[in-house]
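Okay, here's the structure, questions in a sec.
Being a predicted model, the structure only gives us computed values, none of them experimental.
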Amino acid sequence: MDDQSRLSLNDLMNDMAARAKLGAEALRLAGPEARTKAILEAAKAIRQREAQILAANAQDQQFARDKGLTDAMIERLILNPARVEAMAKGLEEVAALADPVGRELARWTRPNGLDIARVSTPIGVIAIIYESRPNVTADAAALCIRSSNAAILRTGSEALNSALAIYAAFEDGFRAAGLPEYCVQLVPTSDRDAVGLILGGLDKAINLIIPRGGKSLVARVQAEARAPVLAHLEGLNHTYIHAAADPKKALEVTLNAKMRRVSVCGATETLLIDEAVAAKLLPPIAEALKAAGCELRGDDKARAIYPMSAAKEDDWCTEYLLPILSVKVVKDEAEAIAHIRTYGSGHTEAIITEDAHAAETFLNAVDSAIVIWNASTQYADGGEFGFGAEIGISTDRLHARGPVGVDQLTTFKYVVRGDGQTRP
């Protein structure tokens, strides 16, 4: 990049940062009715702009193919009328959520008469860096508006046309609600140096950075960010079939957990199955997965029961995001939990069992952001949790964990009311 181009990008990003700070103030002072209207009008505009959004997405798909992106990446990128409608419905669900700002979280009175309240407040300016999912543009914008946070969105080059088309709907929404259009801004260039400027904090304008993408993106953000980071790490998820599993549930849940959408972060990547039931349950499960187009890679015990490729050490720690599943036969629940502790990413794990004691043991012992009993790991999704949408699944342990919705995009302040007290 030449010096003039760098100067232009610096000016662009610094201007966006300055405007974002004004946007954060405007959202914080606006009433919940205005924020609700902005989101609902954006949903309406997404439906009205469906043709433009799909045309822009077709451009992105062609660019992705020319660029040689994997099938999994392209699948994440694709929009169709059903997915556009799902985006609009997701915005309506976010608009219907209770306003998370200004809630009194706790209140007490001290012996000296001071009345102290803990009150929820917006975080401020949130920068969200994401890759090939166009719907993140809509989800992130809506969640930030609902929680009164200004946002700077930066998508990957392969989804830029789609993101710009979706973002135009939010400009419509802001105008209809009488809010500044810079409450949410989308970086309009694919220049990678823009990411570096965001990670630098834009002169302390950024209060929180949220990366949503592959392992390399998250690693870079965590290494270089000069603002707090809310991380979304890989979904190295496990489904464990316990000795007391219902065979029908075991088959149907495992098939869904892996194959419903293989490219989402909630997809199961490793199947663990108790040796007490492996000979009976593994063959029909394997047949169903194979019929759905899934490649199986198993340990020696699994391969002795059903023909499949040999799993290597790397398979236990790989987020495939493809129709590939690693399979391990375990001695008991303790070994299953130990395997998850060793190889899991702290995202989502499930146990299939009719034994309530075994289920509670698993739910208590497995320290992932989401633990599930008798249901698919693909329920690891903010919309399925009733959040309307999500910015991602946080595998952090501070501030927010699991699906990040509007409540997780707030912090708090203390409001202290006195009557002339002075401290001795």
Side-chain angles (χ1 to χ4, degrees), residues 9 12-13 16-17 19-20 23 42 45-46 49 52-67 69-70 72-79 83-84 86-87 90-91 125-145 149-171 173 181-199 202 206 208-218 220-221 224-225 229-232 263-265 321 382 389-393 404:
L9 182 62
L12 169 68
M13 299 306 298
M16 290 183 73
R19 288 159 67 86
I46 281 177
R49 291 174 174 271
Q52 298 98 305
I53 291 170
L54 292 179
N57 186 249
Q59 288 181 280
D60 286 336
Q61 289 181 51
Q62 187 58 55
F63 175 77
R65 292 187 186 96
D66 294 342
K67 194 176 176 182
L69 265 63
T70 65
M73 291 291 286
I74 293 175
E75 198 280 332
R76 289 182 171 203
L77 175 63
I78 292 173
L79 290 177
R83 290 185 180 182
V84 173
M87 268 197 293
L91 298 193
V125 176
I126 300 176
I128 302 157
I129 304 170
Y130 53 104
E131 292 178 339
S132 61
R133 286 189 182 278
N135 65 292
V136 175
T137 301
D139 292 350
L143 291 170
C144 286
I145 296 167
N149 293 291
I152 295 176
L153 310 179
R154 201 284 181 181
T155 187
S157 59
E158 68 280 356
L160 183 57
N161 290 307
S162 303
L164 287 168
I166 294 166
Y167 174 69
F170 282 89
E171 292 181 311
E181 294 172 21
Y182 48 78
C183 288
V184 175
Q185 299 173 83
L186 177 71
V187 177
T189 174
S190 60
D191 191 327
R192 292 188 176 186
D193 285 351
V195 173
L197 292 171
I198 291 172
L199 297 182
L202 295 174
I206 305 297
L208 180 67
I209 299 174
I210 302 177
R212 180 166 179 179
K215 198 172 184 177
S216 60
L217 170 65
V218 176
R220 180 189 175 189
V221 171
E224 299 180 19
V229 174
L230 186 60
H232 169 110
S263 64
V264 298
C265 66
L321 300 177
E390 65 174 40
I391 288 183
I393 306 289
V404 177

Test Pro211 against every option in Leu230, Val221, Ile128 by the side-chain contact (heavy atoms from CB on, under 4.5 Å) rule and name the one that passes. Val221

Just how far is it from atom CG of Leu79 to atom CE of Met87, taken to the nearest 0.5 Å? 5.0 Å

Only one of Leu186, Val125, Leu202, Val187 passes side-chain contact (heavy atoms from CB on, under 4.5 Å) with Met16; say which it is. Val187

Restricting to non-hydrogen atoms, name the atom on Ala163 and the atom on Thr155 that form the minimum distance, rounded to 0.1 Å. CB-CG2, 3.7 Å

Taking side chain to side chain contact (heavy atoms under 4.5 Å, CB included) as the test, write out the residues that go with Asn161, two or more places apart. Ala56, Gln59, Asp60

Distance-minimising heavy-atom pair for Ile391 and Ala140: CG1-CA, 4.0 Å

What do the steps show when you test Thr137 against Tyr130 for side chain to side chain contact (heavy atoms under 4.5 Å, CB included), and what is the final call? CA-CA 9 Å; Thr137 301; Tyr130 53 104; 2.6 Å; yes

Among residues at least two apart in sequence or on other chains, which ones pass side chain to side chain contact (heavy atoms under 4.5 Å, CB included) with Glu171? Tyr167, Ala168, Arg175, Glu181

Please tell me if the side chains of Arg154 and Met13 come closer than 4.5 Å, counting only heavy atoms from C-beta onward. no

Quick one: closest heavy-atom pair of Ala64 and Ile74, and the distance? CB-CG1, 4.0 Å

Write down the atom of Glu158, the atom of Glu131, and the distance for their closest heavy-atom approach. OE2-C, 3.4 Å

With sequence neighbours excluded, tell me which residues meet side chain to side chain donor-acceptor pair (under 3.5 Å) with Thr189. none

To the nearest 0.5 Å, what is the distance between CG on Asp193 and CG on Leu9? 6.0 Å

Glu75 bridged to Arg83 by N-O distance under 4.0 Å: yes

Side chain to side chain contact (heavy atoms under 4.5 Å, CB included) filter on Arg220, not counting sequence neighbours, yields Val195, Leu199, Glu224

Between Ile152 and Ile206, is a side chain to side chain contact (heavy atoms under 4.5 Å, CB included) present by the stated rule, with each step listed? CA-CA 9 Å; Ile152 295 176; Ile206 305 297; 4.0 Å; yes

Closest heavy-atom pair and its distance - Leu153, Ala141: CD1-CB, 4.4 Å

Any side-chain to backbone donor/acceptor pair from Arg19 onto Cys183? Under 3.5 Å, distance only. no

First locate atom CD1 of Ile126, then atom SG of Cys144, and finally report the distance between them rounded to the nearest 0.5 Å. 4.5 Å

Going by the rule side chain to side chain donor-acceptor pair (under 3.5 Å), which residues pair with Gln61 if we only count those two or more places apart in sequence or in a different chain? Asn57, Arg65

For residues Ser157 and Lys67, report the shortest heavy-atom separation together with the two atoms involved. OG-NZ, 3.2 Å

Decide yes or no for Pro134 and Leu77: does some side-chain heavy atom of the first lie under 4.5 Å from some side-chain heavy atom of the second? yes

Between the main-chain N or O of Ser263 and the side-chain N or O of Arg76, is there a donor-acceptor pair closer than 3.5 Å? yes

Would you please name every residue forming a side chain to side chain contact (heavy atoms under 4.5 Å, CB included) with Ala389, sequence neighbours left out? Val94, Asp139, Leu143

